[in-house]
2 protein chains.
Amino acid sequence: MRIGEAADAVGMTTKTIRFYEDRGLLPPAERSANGYRDYSHDTLSRLEFIRRSQIAGLTLAQIQGILRIRDDGITPCTHVRDVLGKQLMDLDRKIAELTALRVTVAEQYATAEGADPQRCDAEQICSYI
Amino acid sequence: MRIGEAADAVGMTTKTIRFYEDRGLLPPAERSANGYRDYSHDTLSRLEFIRRSQIAGLTLAQIQGILRIRDDGITPCTHVRDVLGKQLMDLDRKIAELTALRVTVAEQYATAEGADPQRCDAEQICSYI
DNA sequence: ATTGACCTTCCACCGCAGGGGAAGGTCAAG
DNA sequence: CTTGACCTTCCCCTGCGGTGGAAGGTCAAT
């Protein structure tokens, strides 16, 4: 199947598929006699794996790491578990950071809500921030 | 004061200060006879305002919007309140997204933790994701 | 007179995940 | 035999917030 059909099948653009090949997430594509990329069903499941991984918030570099292990003929289970564990820690850290930031901004917003614009000091641009 | 002293005073690099001038967050700097930028205390408080705003997670574009209003001689209080309100909503949305993602990843991690690598199917690359 | 620490402008680059569009080749249908 | 829909490679652009470095000017101290 040609690249456009593959793209339609997995809901990506042809640009994205070529980009993944360029980045090494896909092996160099087979070519038809006319030079067009020719994809098999294997590529589709690989693309779908990439999409599922992205939904889990993994970066292309992390996904590539998993694919490389699979391509070496090794089951990537252990590595995947580690990557997911790291992703959990990253998410916890980000959520904690944003939650702390939310507290700060909520205080500033509360101040700005019930404040007197007269007291706004040009010297420091804005007294709420 | 020269740009290096200003940078030291507020804990930024000279590169960053020139970048802010280029982006319009600072007015074109006064120049000494030798062409060096010459900063007054006003610029320092402006730079400190930028820093405080960044700590609140505002983008340079949002900060610029506030500064522009102040530069027009208007107290930016109302605008600041709106920006902070939008920032609160953005934070809530991001926290909700990350929390939902965390649930998904935690499930995948739990599966990967107690799973049998024998059942790992090469067809779909990895059965946990 | 020269060294070293500043300063100036300008252009390019980082990560991240692609998108835009030009210039040209290929193929089936009308 | 031309039109239109594909495909190819190529390089540049996006947003975000800067950072790096080259080539050159300035100034105080030695």
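We name chains A, B, ... by the order of the sequence lines, and we start the count at 1 in each one.
Bracketed by its first and final contacts, the part of DNA chain D lying under 4.0 Å from non-hydrogen atoms of chain B reaches from D:dG17 to D:dC27 in 5' to 3' order.
Both A:K15 and A:A33 lie close to DNA chain C; mapped to their nearest nucleotides by heavy-atom distance, the more 5′-ward contact belongs to A:K15. Residue whose closest nucleotide on DNA chain C sits further toward the 5' end, between A:T16 and A:N34: A:T16. Comparing B:A61 and A:G4 by the nucleotide of DNA chain D that holds the closest heavy atom to each, the one mapping nearer the 5' end is A:G4.
Look at CD1 on A:I50: it is 15 Å from C1' on C:dC16, rounded to the nearest Å. In this structure, A:L26 places its CG atom 14 Å from C1' of C:dG18, rounding to the nearest Å. Rounded to an integer number of Å, the gap from B:F19 CZ to C:dC10 P is 16 Å. Between A:Q64 atom CD and C:dG15 atom P there is a gap of 13 Å when expressed in whole angstrom units.
A:L25 approaches A:L60 most closely through the heavy-atom pair CD2-O, 3.8 Å.
Under the 4.5 Å side-chain heavy-atom criterion for ILVMFWY residues, no single connected hydrophobic cluster contains both A:I69 and A:L58. Put simply, B:M12 and B:Y36 are part of two different groups of oily side chains (I, L, V, M, F, W, Y) that touch within less than 4.5 Å, one to the next.
Annotation for B:E97: atom CD counts as buried by contact number, over 12 foreign heavy atoms lying within 6.0 Å. More than 12 heavy-atom neighbours from other residues, nucleotides or ligands sit within 6.0 angstrom of CD on A:Q124.
The phosphate of C:dC27 has neither OP1 nor OP2 within less than 4.0 Å of any side-chain N or O from A:Y36. Listed pair A:T13 / C:dG19 meets the phosphate criterion, a side-chain N or O lying under 4.0 Å from OP1 or OP2.
Note on A:D82 versus A:K86: no salt bridge recorded, every NZ/NE/NH1/NH2 to OD/OE distance being 4.0 Å or above. Using a 4.0 Å cut-off between charged nitrogen and carboxylate oxygen, A:R68 and A:D71 do not count as a salt-bridge pair.
Using a 4.0 Å heavy-atom criterion, one finds that A:R23 contacts no nucleic acid atom at all. Using a 4.0 Å heavy-atom criterion, one finds that A:R18 contacts the bases of the nucleic acid, with or without backbone contacts as well.
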